[in-house]
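Notes for the one structure printed next.
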Amino acid sequence: MADKQHLYLVDGSAYIFRAYHRLPPLTNPEGTPVGAVYGYTTMLWKLAQDLDDADGPTHLAVVLDKSSKSFRNEIYSEYKANRPPPPEDLVPQFPLIRDATRAFSLPMIEEPDVEADDMIASYALAAQREGWDVTIVSSDKDLMQLVGEENGARIDMLDTMKDVRVFIPEVEEKFGVPPQLLGDVLALMGDTADNIPGIFGVGPKTASKLIAENGSLTAVLDAAPDMKKSKLKERLLEGREMAELSRVLVELKSDCPLPIALDDMKLEGIPPEPLAEFLETHGFHSLLKRLGAGAGSPGRKTNLDPATPDTAGADPAAHGDSQPLPEMPAVDRSAYECVQTMERLEHWIARATAARLVAVDTETSALDAISADLVGVSLALGPNDACYIPLAHLNEGGGGSDMFAQKPEQVDRKTAMQALKPLLESDAVMKIGQNIKYDINILARHDIMVSPVDDTMIMSFDLDAGRSQDGIGGGHGMDELAERHLGHTCLKFKDICGTGKKAISFGEVPLDRATEYAAEDADVTWRLHALLSHRMPFEGAVRIYQRVDRPLIPVVAHMEREGIKVDRTELARLSETFAGEIGRLEGEIHEAAGEPFTIGSPKQLGEVLFEKMGYKGGKKGKSGQYSTDLSVLERLANEGAGIANKVLEYRQLSKLKSTYTDALQEAINTRTGRVHTSYSLVGAQTGRLSSTDPNLQNIPIRTEIGRQIRKAFVPEDGNVLLAADYSQIELRLAAHMADVDTLKEAFASGEDIHSRTAKEMYGEVTRDTRAQAKTINFAILYGISRWGLAGRLGVEADEAQAMIDTYFQRFPGIQKYIVRTLEEVREKGYSETLFGRKTWFPRINSKNQAERQGSERAAINAPIQGTSADIIKRAMVRMLPALADAGLPDVRMLLQVHDELVFELPQSDVAAASEVIKQVMADAALPAVRLDVPLGIEIGTGPSWDAAH
DNA sequence: TCGCTCACG
DNA sequence: GACGTACGTGAGCGAA
């Protein structure tokens with residue numbers, strides 16, 4: 001059987017009006033406005049990219065309005081009469097829309113005296129009669145009348161700006177009636193934009209209510225005389241004729257002659273040459289680059305040969321040149337200014353203040369913001385309009401030891417800071433940074449509280465989390481973003497400062513080189529900001545960015561500066577104890593093995609166990625090495641291998657010593673005497689934070705010996721630590737999101753959730769059934785497989801499958817949630833949290849089963865884990881203001897560990913602070929989301945982090 | 001730089 | 001019939 005045909009009909013005219021109003025006013029190299037054209041081009045690009053998708057187009061045509069006149073003007077002269085003329089700078093873009101369509105080699109339909117809507121209706125129904133699916137690319141509510149299914153052939157709509165598909169349920173949700181009754185609703189309510197009269201005083205709400213109640217427009221009008229006396233009754237009686245006229249006006253004409261045959265709309269792929277020429281002409285270089293690179297190019301990739309001379313030649317990036325955006329010239333490092341006098345600095349500050357938008361970047365002597373020294377600041381106000389202000393540079397290779405070495409001319413750092421402070425703190429000036437949390441913390445040490453801020457790294461994350469499958473910084477590092485979006489290769493830090501022993505600090509870099517590097521960073525940040533902020537409203541990233549992630553930046557910055565005290569003496573004592581034990585175990589293991597070897601080497605250990613000592617069941621992984629992980633060693637221990645237990649103990653102690661007791665001592669900051677982690681807001685694809693240098697989110701707790709380390713996390717004298725945890729938050733969210741009444745009730749009544757699960761599944765609660773239920777509950781959150789569960793529970797796969805079946809039978813909502821989530825991710829390419837955070841899964845439709853199934857499991861988990869992350873982030877944003885409002889300014893928020901917040905506070909504040917903290921955390925989803933389950937909070941306090949649990 | 005192992009939620 | 005076996009992280013180590 002042939003694959004199903006799928007026709008996409010693009011409502012081009014309507015699109016450009018919308019694009020015009022929502023896009024910035026770009027111009028092409030000739031000065032012609034092209035903002036709407038650019039939007040239109042990217043929209044076509046996106047559609048063409050879906051060509052090979054299961055639900056993508058097989059056929060596509062663009063429908064344009066040729067003239068504004070149609071049969072409607074004949075029956076109603078006022079039709080569209082009050083339309084204002086199109087804006088001046090949109091007019092020259094109309095012909096360019098046609099050029100763009102031709103550049104994509106797409107069929108274009110524009111018939112005189114026929115409105116685009118009617119043409120779309122005619123084509124849509126014709127295609128549906130042939131059994132084709134149809135997608136109308138538009139957001140016009142009139143066209144929603146066409147939505148529906150006929151003999152298995154669907155007509156739906158796609159709003160590419162909001163990225164939403166509209167089918168019957170969406171129409172019903174919006175208008176309260178199914179699509180076939182929509183015309184009646186529209187006739188009643190009228191339309192100001194088209195000057196369709198409708199009934200005066202009847203809007204969408206009343207109209208859909210009346211139609212839903214009476215079943216049709218005629219029925220509403222017929223029922224009017226019998227209504228009880230009211231304004232509405234009068235208006236219905238008076239307006240009957242107008243309503244009937246309106247009904248005719250909103251009816252789509254579906255029998256227009258079809259100028260192009262359906263089969264001629266077949267989409268075979270996009271020939272690159274005409275497209276490249278068009279993109280070049282209008283300066284759409286970022287698209288041009290993608291076309292040249294092949295990656296992300298529209299249409300079937302086989303038709304877009306990157307080696308085609310025209311295309312490759314048209315791609316400046318192929319020659320290592322810089323890559324501008326529309327209206328953005330190539331990066332020109334020679335344009336940057338090195339600011340060495342107060343006079344020039346004042347000049348830049350004045351310009352930045354006037355511009356109200358400035359990209360800021362700080363250069364420092366080290367990588368961690370808490371101990372690094374400020375060496376210089378760069379600013380950018382536009383493409384190539386950037387400067388570097390050196391503040392603590394030494395002469396080249398000066399090293400600082402030669403007190404007679406002359407320093408380069410530069411503004412005094414303190415004076416410069418005083419001059420910059422009003423700009424960086426001004427509410428009227430937006431400061432843009434790439435990972436600006438770093439700069440916030442550097443400048444905080446110079447008494448500057450940078451605000452308000454935008455962060456290109458986080459914007460990129462909120463737009464594209466998960467889209468890049470690898471790469472440092474999760475694909476949101478500046479060099480990567482510059483390559484991807486600007487086609488520009490940044491100077492690399494290591495090219496400026498070198499690596500390894502020969503590395504110099506930034507303060508030793510000669511000023512000309514330093515200016516090129518530092519000002520480029522600010523310049524590129526400014527450009528990325530222009531590009532990303534433009535994408536955000538169209539790609540649904542504004543909500544999560546504005547409401548959750550951006551407000552979190554100063555909060556997390558503050559937590560990092562707070563740090564937490566660790567008891568160095570206690571850690572040193574533990575290190576020594578561990579060292580003694582490790583030495584003893586090492587001796588015993590070597591003796592058992594009959595020779596000394598490196599126990600920490602899985603390779604050597606495997607050989608000793610499975611070859612020399614002859615234990616059975618050694619399994620080699622793909623690297624050809626024996627596996628010696630926990631499960632293997634535990635099995636050997638059970639089979640009586642004494643050495644296995646010793647190795648396990650050795651491993652545990654080495655881990656604790658090297659990763660924790662030794663490393664944490666090193667991490668104590670000499671200036672503050674505390675440990676300052678660095679949180680990444682883009683570290684985890686689901687929206688969780690991650691913690692590095694040191695990682696304070698994986699301090700041991702599960703074993704008694706590991707918990708010794710938590711005892712070393714302490715408050716200052718007179719204070720206590722307070723730990724507040726969300727209890728079972730992910731299961732609670734699963735109960736809400738999957739709408740499982742049984743689980744929701746259990747949470748509402750404060751029942752033990754695993755016991756409840758056991759009761760539902762096995763009828764009785766014992767230690768065993770509860771433990772099994774707990775495992776299954778977690779398995780569900782992670783996307784279950786019978787083999788995975790079997791492995792965890794130590795049962796056969798068949799038995800595990802039976803348990804999964806029982807679970808789904810008892811909680812059918814869960815199974816529905818999983819199916820629905822996967823369908824949605826397959827279709828849209830991303831999952832979404834309750835707060836609108838997207839995570840992309842580019843491999844969800846992979847042909848490689850393992851890859852695909854991995855993505856499926858991650859996709860099931862992401863909305864739950866991500867929603868949990870959103871909630872605690874919202875709590876963090878509100879926490880300090882809430883505490884301050886409650887008269888508790890001395891409570892300090894120190895750490896976040898995914899579902900836990902750690903505070904340090906005076907003992908006397910504990911009772912009052914606990915209440916506030918609990919309230920803020922419990923209500924963190926509100927008012928945006930009202931959960932069907934309560935969020936339980938557990939609070940503990942004590943003289944150490946361990947004691948607070 | 002990679003794979004292995006193991007610490008956390 | 002093989003695939004490879006629970007989600008999300010970061011750090012230290014040994015081997016190359």
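FYI, side chains are in, hydrogens and waters are out, and symmetry mates aren't considered; it's all heavy atoms of this structure. In what follows, chains are A, B, ... by sequence order, proteins preceding strands, each numbered from 1.
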Using whole Å, what does the distance between atom P of nucleotide B:dC4 and atom CG of A:L609 come to?
17 Å
Once you apply a heavy-atom cut-off of 4.0 Å, does A:L630 come out as touching a base, just sugar-phosphate, or nothing?
sugar-phosphate
Just N and O in the side chain of A:R688: are any of them under 4.0 Å from OP1 or OP2 of B:dG9?
no
Quick one: does A:R857 reach the base of C:dG8 with a side-chain donor-acceptor pair under 3.5 Å?
no
Return no unless some side-chain N or O of A:R651 is found under 4.0 Å from OP1 or OP2 of B:dC6.
yes
Within this structure, what is the NE2-to-P distance between A:H898 and B:dA7, rounded to whole angstrom?
16 Å
Do the charged groups of A:D464 and A:R467 touch, with an N to O distance under 4.0 Å?
yes
Any side-chain donor-acceptor pair under 3.5 Å between A:S846 and A:E851?
yes
Do NZ/NE/NH1/NH2 and the carboxylate oxygens of A:E904 and A:K565 come within less than 4.0 Å?
no
Is A:A663 touching bases, backbone alone, or none of the nucleic acid, heavy atoms closer than 4.0 Å?
sugar-phosphate
Just call it for A:G600: base, sugar-phosphate, or nothing, with non-hydrogen atoms closer than 4.0 Å on any strand.
sugar-phosphate
A:R710 side chain near B:dC8 phosphate (N/O to OP1/OP2, under 4.0 Å):
no
In terms of side-chain heavy atoms of A:A858, which of C:dG14, C:dG8, C:dA11 is nearest?
C:dG8
Heavy atoms only, 4.0 Å cut-off, all strands: where does A:I784 land among base, sugar-phosphate and nothing?
nothing
Between A:E581 and A:R584, is there a salt bridge with N-O shorter than 4.0 Å?
yes
In whole Å, measure the gap between the P atoms of B:dG3 and C:dG4 for me.
14 Å
Quick one: label A:T775 by what it contacts on the DNA or RNA (base, sugar-phosphate, nothing), any heavy atom closer than 4.0 Å.
base
Please determine if A:R688 and A:E730 form a salt bridge, counting it only when a charged side-chain N lies under 4.0 Å from a carboxylate O.
yes
Send over the distance from A:R852 CZ to C:dT5 C1', rounded to a whole Å.
15 Å
Nearest-Å distance for atom pair CH2/P, residues A:W945 and B:dC8:
11 Å
Base, sugar-phosphate alone, or nothing: which one does A:N848 contact when heavy atoms must sit under 4.0 Å apart?
nothing
Does A:T659 put a side-chain nitrogen or oxygen below 4.0 Å from OP1 or OP2 of B:dA7?
no
May I ask you to check whether A:F610 and A:Y615 place their ring centres under 6.0 Å from each other?
no
Using a strict cut-off of less than 4.0 Å between a Lys/Arg side-chain nitrogen and an Asp/Glu carboxylate oxygen, indicate whether A:R826 and A:E856 qualify as a salt bridge.
yes
So if I take every side-chain heavy atom of A:S785 and compare against B:dC4, C:dG8, C:dT5, which nucleotide ends up nearest?
C:dT5
I want to verify a distance call: between C:dG10, B:dT5, C:dT9, whose nearest atom is closest to the A:Q685 side chain?
C:dT9
Which part of the nucleic acid does A:S691 contact within heavy-atom distance under 4.0 Å: base, sugar-phosphate only, or nothing?
sugar-phosphate
Winner on side-chain proximity to A:Y782, out of B:dC4, B:dG9, C:dA11, is B:dG9
Over all strands shown, is A:E730 touching base, sugar-phosphate only, or nothing at heavy-atom distances under 4.0 angstrom?
nothing
Closest nucleotide among B:dA7, C:dG4, C:dG10 to the A:A850 side chain
C:dG4
Just to be sure I understand the rule, does A:N698 reach a base, reach only the sugar-phosphate, or reach nothing, if contact means heavy atoms closer than 4.0 Å?
base
Within this structure, what is the CD1-to-C1' distance between A:I780 and C:dG8, rounded to whole angstrom?
18 Å
Tell me which nucleotide among C:dG14, B:dA7, C:dA11 gets nearest to the side chain of A:D693.
C:dA11
Distance below 4.0 Å between A:T628 side-chain N/O and B:dT5 OP1 or OP2:
yes
Taken to the nearest whole Å, CG/A:D629 to C1'/C:dT5 is 13 Å
Is_stacked (A:W787, C:dT5) at 5.5 Å, 30 deg
no
B:dA7 to C:dA2 separation - C1' atoms, rounded to the nearest Å
34 Å
Using a heavy-atom cut-off of 4.0 Å across all strands, would you classify A:K603 as base, sugar-phosphate, or nothing?
sugar-phosphate
Would you mind reading off the distance between A:L605 atom CG and C:dG14 atom C1', rounded to a whole angstrom?
12 Å
Answer yes when A:R837 and A:D462 have at least one side-chain N-carboxylate O distance shorter than 4.0 Å, and no when they do not.
yes
Proximity to the side chain of A:I701 - top-ranked nucleotide from B:dC6, C:dG8, B:dC8
B:dC8
Whether A:Q697 contacts C:dG8 is assessed here as follows: a side-chain N or O lying under 4.0 Å from the phosphate OP1 or OP2. Is that the case?
no
Is there a Watson-Crick or G-U wobble partner for B:dC6 with both distances under 3.5 Å, and if so, which one is it?
C:dG10
Could you check how far CD1 of A:I804 sits from P of C:dT5, rounded to whole Å?
16 Å
